[in-house]
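The structure under discussion appears below in the form of structure tokens.
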There are 2 protein chains.
Amino acid sequence: MITIYDIALRAGVSSATVSRVINGRPDVSRKTRAAILAIMDELGYRPNATARGLAMKKSKMIGVFIYDHLHSGLVHPFLQDVLSSFQRIVGDEGYDLLIFTNNSKEVQIENQYELRARQRDVDGILLFGIARDDKQLDRLVECGIPCISIDLDLYGPRAGYVTSDNVAGSTLAVQHLHAKGHRQIAFIADIFNSKPGQDRFKGFQQAMRSLGCTINPNWITQADFSESGGYDAVTKLIASGNMPTAIVCASDSMAIGAKHVLEENGFTIGKDISIVGYDDISALSYIKPGITTIKQNRMEMGRAAAQALLELIDNESAVPPILFIPPDLVMRQSVHDLNEFS
Amino acid sequence: MITIYDIALRAGVSSATVSRVINGRPDVSRKTRAAILAIMDELGYRPNATARGLAMKKSKMIGVFIYDHLHSGLVHPFLQDVLSSFQRIVGDEGYDLLIFTNNSKEVQIENQYELRARQRDVDGILLFGIARDDKQLDRLVECGIPCISIDLDLYGPRAGYVTSDNVAGSTLAVQHLHAKGHRQIAFIADIFNSKPGQDRFKGFQQAMRSLGCTINPNWITQADFSESGGYDAVTKLIASGNMPTAIVCASDSMAIGAKHVLEENGFTIGKDISIVGYDDISALSYIKPGITTIKQNRMEMGRAAAQALLELIDNESAVPPILFIPPDLVMRQSVHDLNEFS
DNA sequence: GTGAAAGCGCTAACAC
DNA sequence: GTGTTAGCGCTTTCAC
């Protein structure tokens with residue numbers, strides 16, 4: 001391994017001077033700087049991050065905790081997109097990502113987050129898919145390491161979060177339907193009462209009210225976010241004999257299930273009945289006719305999280321932000337324009 | 001920060017003894033070990049990984065290079081599954097993952113992989129989605145850092161790879177069709193000639209030959225792995241007026257496209273014509289009737305990569321393996337059993 | 001502008 | 001069994 005001393009020797013200077021050059025300090029003469037730079041280049045020198053970390057107590061690494069539960073229909077499918085844009089932003093500032101792994105052998109002691117973050121000297125932390133009732137969070141949040149989480153409300157002196165604006169999302173859905181002439185709208189909610197699920201329902205209610213539409217309690221159902229859940233929910237709706245003109249689903253999977261029953265019962269999607277999903281999962285692009293849906297702005301979430309975290313790291317007195325990222329309406333063919341007949 | 005000296009002081013021993021305890025050395029008396037352990041526990045002490053890394057020249061980190069190109073229909077969708085099982089295995093051995101970010105500001109100099117790996121002192125490297133014509137690979141492979149890549153043939157004194165056995169995959173598809181009485185089988189190949197694409201075609205050819213089926217050149221087409229590619233390819237097939245009894249597609253997207261044209265032309269999938277896809281993308285589970293496909297064993301790929309890498313790290317003289325992970329046949333409803341009528 | 005030297009937290013001979 | 005000490009590669013005062 002080639003060190004700072006090798007460079008110093010070749011350049012006929014001390015290691016301190018080389019260090020100054022590495023760190024772009026101004027107090028080095030043009031000549032020596034140029035000479036040192038040339039030698040570093042020639043030898044393909046790279047400062048060792050570990051040694052630097054020890055000396056500076058900074059690692060130029062962002063620690064990432066991902067709670068890797070399968071079947072987390074909501075957050076999991078987006079990890080890749082969010083992380084990809086996050087990585088791009090922090091990468092430009094010289095940070096690499098340290099993904100903390102779960103050691104299944106080790107006892108799950110408390111304060112795991114804080115201890116492991118300290119152990120690796122990470123400069124900041126990104127939390128992803130962490131459950132809100134996680135006991136270990138408290139100490140992490142209070143320990144002073146800059147911290148941003150995705151879709152989890154995290155409050156602390158140096159901790160904030162970014163989330164997709166789920167209220168705005170279903171508002172979009174309702175407004176779109178309303179503009180197309182729909183007034184009788186059903187909603188299939190999340191039976192688990194997850195935060196995003198709650199917010200999506202909240203947005204539906206608010207939007208309906210502010211547009212002057214009455215909410216028919218019989219048209220509010222709950223399902224388990226899955227295809228079969230949506231299938232069953234709409235089965236009951238059909239059995240009730242009292243159909244709305246449109247159905248907003250809290251997830252695309254449920255929308256797909258809804259579509260299946262409806263078609264089996266002779267409804268033509270986008271004509272006899274309208275559907276709006278939520279998430280724009282990849283499967284949706286393969287389904288005919290296309291289902292209109294609400295798409296979370298995943299890239300933007302990653303970008304926002306990265307910038308917020310960088311700000312917290314760079315600026316000791318930055319106030320931790322709470323960021324709501326507005327989603328987009330993706331129009332396909334599942335919404336019928338009732339105005340055509342008015 | 002609480003250090004080894006704090007522990008030593010409290011325990012009335014030297015830092016060396018504490019270090020011995022940390023590293024589980026046998027040459028410490030039961031009494032002092034217990035005392036030290038108790039104090040470490042009480043103070044919530046965690047050895048600093050950076051300092052350790054500097055002293056031992058090992059970081060207990062696996063470096064991960066992911067080439068994050070969008071539209072890489074083949075490798076990208078599996079990253080999460082593969083990485084998730086990889087992480088679990090190496091995590092149990094105390095390794096965390098260091099994801100190298102792409103600094104868009106920095107000039108893309110040569111040997112980037114090696115330099116960055118050295119800079120961070122990673123103990124081993126996982127490559128994912130890296131293009132095989134990447135110039136920087138050569139030096140990395142020769143520099144002696146243990147290295148395993150996914151779906152990229154990497155050869156070196158300490159470098160091997162794991163890949164899904166694509167030849168075996170399409171062999172599975174053909175054997176299944178053959179068992180169901182099919183002899184006239186078409187194949188939609190990858191127009192880009194990617195390695196997986198080539199192998200899938202190769203497996204098709206071999207299987208057909210060894211089962212004594214003749215390959216009709218008119219039934220071999222190429223498409224761009226996409227839905228529309230499959231659509232167009234089968235459109236031509238139909239236009240030719242000479243239909244096979246089954247179609248094997250080198251990707252699920254193409255299979256879905258094929259299904260669409262076929263249905264539009266009055267064919268009933270799984271009755272008039274049979275289809276087999278490849279990959280088992282998530283969208284497939286939403287499509288009716290279900291398309292039979294070949295599923296890569298993603299978890300197993302991650303597991304195998306992890307174990308191979310750990311072996312290379314632990315055992316100086318381990319020979320770098322090349323591992324083919326056999327995929328599975330996922331049976332749905334798109335294959336017709338011709339034997340029912342014989 | 002540049003150098004000498006101490007120190008970051010830990011490991012690993014080598015002594016006793 | 002345990003302590004002493006010299007690094008690991010870099011940064012950073014403090015002199016000059």
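All values below were derived from every heavy atom in this structure, side-chain atoms included, with hydrogens, water molecules and symmetry-related copies excluded. Quick caveat, the model's predicted, so the values are computed rather than measured. Quick note on labels: first sequence line is chain A, next is B, and so on, each numbered from 1.
The nearest whole Å value for the distance from the CZ atom in A:Arg120 to the C1' atom in C:dG9 is 15 Å. Taking atom CG on B:Leu9 and atom C1' on D:dG3, their separation rounds to 14 Å, with Å as the unit. Nucleotide C:dC8 holds its C1' atom 6 Å from the NZ atom of A:Lys57, rounded to whole Å. Here the P atom of nucleotide D:dT2 and the CZ atom of B:Arg33 are 9 Å apart, to the nearest Å. In this structure, A:Tyr5 places its OH atom 10 Å from P of D:dT11, rounding to the nearest Å. For the pair B:Lys58 NZ and C:dA12 P, the computed distance is 9 Å after rounding to whole Å. If you measure from atom CZ of B:Arg52 to atom C1' of C:dA12, you get 13 Å, rounded to the nearest angstrom. Between the CD1 atom of A:Ile4 and the C1' atom of C:dC8 there is a distance of 14 Å, given to the nearest Å.
Remark: A:Thr3 is not in phosphate contact with D:dG9, judged by side-chain N or O atoms under 4.0 Å from OP1 or OP2. Between B:Thr32 and D:dT2 there is a side-chain polar atom (N or O) within less than 4.0 angstrom of OP1 or OP2. Proximity of B:Tyr45 to the phosphate of C:dC10: a side-chain N or O atom is located under 4.0 Å from OP1 or OP2.
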How far apart are the C-alpha atoms of B:Tyr113 and B:Phe100, what are their side-chain angles, what is the distance that settles it, and do they pass the side-chain contact (heavy atoms from CB on, under 4.5 Å) test? CA-CA 9 Å; B:Tyr113 295 130; B:Phe100 290 100; over 6 Å; no
Decide yes or no on side-chain contact (heavy atoms from CB on, under 4.5 Å) for A:Met40 and A:Val21, but give the supporting numbers first. CA-CA 10 Å; A:Met40 295 201 307; A:Val21 171; 4.3 Å; yes
side-chain contact (heavy atoms from CB on, under 4.5 Å) evaluation trace for A:Leu154 with A:Cys147: CA-CA 9 Å; A:Leu154 200 70; A:Cys147 212; 4.0 Å; yes
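In summary, the aromatic rings of A:Phe128 and A:Phe65 are positioned with their centroids too far apart to meet the 6.0 Å limit.
Using a 4.5 Å heavy-atom cutoff, the side chains of A:Ile150 and A:Leu126 are in contact.
For B:Met56, taking side-chain heavy atoms from C-beta onward, the closest of the listed nucleotides C:dT2, C:dT11, D:dT12 is C:dT11. The side chain of A:Ala16 approaches D:dT12 more closely than any other nucleotide in the set C:dC10, D:dG9, D:dT12.
Using a 4.0 Å heavy-atom cutoff across all strands shown, B:Asn48 reaches sugar-phosphate atoms only and no base atom. The residue A:Arg25 sits close only to the backbone: its heavy atoms come under 4.0 Å of sugar-phosphate atoms, none of a base. Contact annotation for B:Thr17: backbone-only contact, meaning every heavy-atom pair under 4.0 Å involves sugar-phosphate atoms and none involves a base. Within 4.0 Å of B:Val13, counting heavy atoms only, lie sugar-phosphate atoms of the nucleic acid but no base atom. Residue A:Thr50 is out of contact with every strand shown, counting any heavy-atom pair closer than 4.0 Å.
Put simply, the residue from A:Leu309, A:Ile313, A:Val122 that forms a side-chain contact (heavy atoms from CB on, under 4.5 Å) with A:Tyr95 is A:Ile313.
Ranked by how close their nearest DNA chain C nucleotide is to the 5' end, B:Pro47 and B:Arg20 are led by B:Pro47. Between B:Ser29 and A:Ala55, it is B:Ser29 whose nearest contact on DNA chain D lies nearer the 5' terminus. For the pair B:Gly12 and B:Ala51, nearest-nucleotide mapping onto DNA chain D gives the more 5' position to B:Gly12.
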